[in-house]
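Data block below; observations after.
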Protein chains: 2
Amino acid sequence: MPPQHQVTLAQVAEAAGVSIATASRAINGSTRKVSEEIRVRVTQTAEELGYLPNLSAQTVVKGASPTVAVLVSDIADPYFSAISSGIMAAARQAGLMVTMATSERRSADERDMIRTFRSQRPRAIVVVGSRWDQDPQAAAIEEQLAAYQQAGGRVVLVSQGPSPFDLVEIQNFEGAKALAHALVDQGGQRFGVAVGYRRLRTNADRLAGFTQGLAERSITLKEEAVAEAAFTRDGGYAAMRQLLERGVELDTVFAASDLMAFGAATAMREAGVQPGAQIGLAGFDNIALTEDVTPALTTVDAPLGEIGRRAMDLALSEGTEPRTVEVPTSVILRASTPRR
Amino acid sequence: MPPQHQVTLAQVAEAAGVSIATASRAINGSTRKVSEEIRVRVTQTAEELGYLPNLSAQTVVKGASPTVAVLVSDIADPYFSAISSGIMAAARQAGLMVTMATSERRSADERDMIRTFRSQRPRAIVVVGSRWDQDPQAAAIEEQLAAYQQAGGRVVLVSQGPSPFDLVEIQNFEGAKALAHALVDQGGQRFGVAVGYRRLRTNADRLAGFTQGLAERSITLKEEAVAEAAFTRDGGYAAMRQLLERGVELDTVFAASDLMAFGAATAMREAGVQPGAQIGLAGFDNIALTEDVTPALTTVDAPLGEIGRRAMDLALSEGTEPRTVEVPTSVILRASTPRR
DNA sequence: AGCCTATTGGAAAACGTTTGCCCAGCGCAA
DNA sequence: TTGCGCTGGGCAAACGTTTTCCAATAGGCT
């Protein structure tokens with residue numbers, strides 16, 4: 001690490017002919033005031049010298065850095081990048097910097113990243129992304145977060161199911177259920193589902209909600225009509241192929257995320273099936289571009305940017321009891337699921 | 001900022017019955033060695049006490065933090081998120097944290113963010129995103145970066161045109177030119193372009209390359225066949241509407257980015273034109289999902305993740321002269337531009 | 001004039017590290 | 001035995017801030 005040599009507060013003080021204490025108060029001054037005359041002189045000198053406060057030094061003495069740490073599974077995934085975008089906008093408004101890391105969906109790494117975050121003494125740690133059931137690392141991760149919170153940090157989990165921290169939850173179950181109702185109302189009868197690994201709670205919830213929604217309309221979702229694969233575009237493709245190969249009769253497919261739906265659409269086309277014509281297709285999340293594809297994708301809107309903002313709100317508001325914010329979803333019907 | 005109270009190195013040293021210096025050397029030890037026996041005892045004690053090094057304190061004394069700062073225009077844009085993903089992967093491999101900010105395409109903010117970055121004493125600053133011609137802030141930004149570099153930091157710009165820093169450049173001109181050739185070879189004759197604001201260098205380059213490519217095939221791109229709007233999905237939509245309203249006869253449209261192409265496709269459909277049938281459509285970047293839309297989008301592949309990795313390579317390798325890395329592009333023909 | 005209070009500047013102690021230096025112990029060659 | 005070099009531990013200074021005191025000055029009141 002090349003040492004970087006910078007203008008220091010002492011130099012500014014010297015040049016302005018005041019003490020370091022006064023310079024500090026003039027520039028970042030809090031409770032104590034300094035006379036207007038000196039304030040002007042000091043800030044001006046600082047400006048001239050190109051002084052920049054050393055954030056690390058401030059952090060050392062203050063005990064916490066003006067930073068929020070964000071951990072997402074995969075920043076290239078539009079779901080995560082939309083949420084991150086909301087987080088960053090809110091962070092900026094609050095005058096906080098964002099340090100970000102991706103776990104690449106490996107929860108062993110996730111634990112290490114949280115440790116590293118902790119070293120930074122951020123004001124809050126936000127973890128976005130679904131938790132695995134029976135994740136062997138879950139306990140270790142929770143322990144890290146608990147220790148961090150114990151030490152005065154704030155923890156917010158987005159879409160991470162029940163846990164003793166502040167939560168922002170997407171109404172996965174309710175959204176999927178409402179979607180099922182809407183699709184049945186449109187005349188769907190034979191349903192299939194392309195779902196991500198069910199150990200990922202998000203998938204389990206969406207599948208359960210969809211199943212329940214169908215059940216409430218007296219339709220039973222058969223196990224053979226459910227194909228499970230990775231919770232990604234490629235997973236959607238793979239799952240759709242499974243469904244097609246199994247030869248289950250289908251008129252409508254629900255993919256557990258828009259990204260999976262995009263993969264599923266391509267799989268359909270490759271098999272000579274037109275999504276939205278022979279087989280309807282619906283996704284979940286309402287990510288960008290769902291409106292621009294043909295046919296435009298029916299989906300369940302989850303206000304992703306809003307979710308990020310809410311997470312920051314939680315992170316910034318004091319409060320000793322763990323709170324949960326549920327963000328509502330709403331069904332958006334588009335051309336990919338025509339009325340039959 | 002709530003003070004966070006943590007286990008300190010002094011406590012570890014005390015508990016292990018050694019001096020702070022020894023504890024430091026045992027845990028992060030550099031040149032000096034400590035006896036194996038003590039090393040084990042100290043690290044074990046640290047582990048038991050849940051000690052985490054205070055990164056800020058280390059940064060203060062070392063003069064630079066194990067961090068790379070990344071500034072992008074908009075993290076929700078798949079172009080930027082793909083590049084960021086590459087950067088973060090490379091950063092992690094190098095054992096660096098990433099602090100990230102979005103300028104939301106406002107270059108006044110951009111300057112402030114760079115100042116804030118500087119306060120953090122990161123090892124490198126990477127700025128991703130096109131520069132505006134005649135940006136009134138350009139000088140101020142460059143000054144900030146120069147001062148940072150002067151102080152020992154590393155600066156890498158991605159897609160920012162000529163400038164006295166390390167650069168990673170996408171072959172915008174060459175790529176667009178090659179695309180023009182390919183489209184003419186497929187039988188295209190009447191071309192239109194939906195381009196982002198030309199003050200944004202990326203757009204100017206792509207347009208110039210495309211124009212030149214056509215010229216080399218003896219086709220002149222008329223000014224009325226070029227529509228300019230924001231360099232976003234919505235801009236693509238708006239530009240395409242302009243083209244359609246102008247009534248220029250077209251058989252092929254080049255959109256300056258895939259995102260613009262998606263918007264353009266929707267504009268076409270709304271006007272009753274089938275992209276890929278009546279009018280061919282091509283984009284640039286090869287972002288995710290270009291293969292999944294119908295018709296699959298012809299585009300120019302820019303290896304976005306690779307670009308991020310290259311940027312980090314530059315940031316981490318020593319070198320006093322500014323260097324430029326050109327990443328090659330390649331034309332990918334898909335169904336949206338059928339042979340005529 | 002005497003005293004009390006409010007204001008504001010400065011000296012110095014912290015914050016949690018790393019690292020330059022000193023020094024003790026030890027092995028080994030002369 | 002002496003002298004020397006090497007190893008490895010500890011003391012204390014340094015890094016750049018904030019903040020707690022303390023001191024000095026000014027002003028208001030009796």
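Please read all numbers here as calculations on a predicted model, not as lab measurements. Labels below follow one simple rule: chain letters A, B, ... track the order of the sequence lines, proteins then strands, and each chain is numbered from 1. Heavy-atom basis, side chains included; hydrogens, waters and symmetry copies ignored.
Protein atom CZ of Arg39(A) is 18 Å distant from nucleotide atom P of dT7(C), rounded to whole Å. The separation between Ile27(A) atom CD1 and dG16(D) atom P is 15 Å, rounded to whole Å. The distance between atom CZ of Arg41(B) and atom C1' of dG8(D), rounded to the nearest whole Å, is 13 Å. A straight line from NZ of Lys33(B) to P of dG9(D) spans 11 Å, rounded to a whole angstrom. Straight-line distance from the CD atom of Gln120(B) to the P atom of dG16(D): 17 Å, rounded to whole Å. Atom CG of Leu55(A) is separated from atom C1' of dC15(C) by 15 Å (rounded to the nearest Å).
The heavy-atom pair separating Thr59(B) from Pro66(B) by the smallest distance is OG1-CD, 4.1 Å.
Asp74(A) and Thr102(A) share no side-chain donor-acceptor pair at under 3.5 Å.
A donor-acceptor pair under 3.5 Å links the side-chain atoms of Tyr148(A) to the main chain of Pro122(A), judged by distance alone.
Within 6.0 Å of the CD atom in Glu14(B), the count of heavy atoms belonging to other residues, nucleotides or ligands does not exceed 12.
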Using a 4.0 Å cut-off on protein heavy atoms (strictly under), produce a 5'-to-3' string for nucleotides 17-26 of chain D with B for base contact, S for backbone-only sugar-phosphate contact, and - for none. BBBBB-----
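Residues Glu142(B) and Pro164(B) form a side-chain contact, since some pair of their non-hydrogen atoms from C-beta on lies under 4.5 Å apart.
Within the 4.0 angstrom heavy-atom criterion, only backbone atoms of the sugar-phosphate kind lie near Val34(B); the bases stay farther away.
Put simply, the residue from Gln149(B), Gln137(B), Arg118(B), Arg111(B) that forms a side chain to side chain donor-acceptor pair (under 3.5 Å) with Gln144(B) is Arg118(B).
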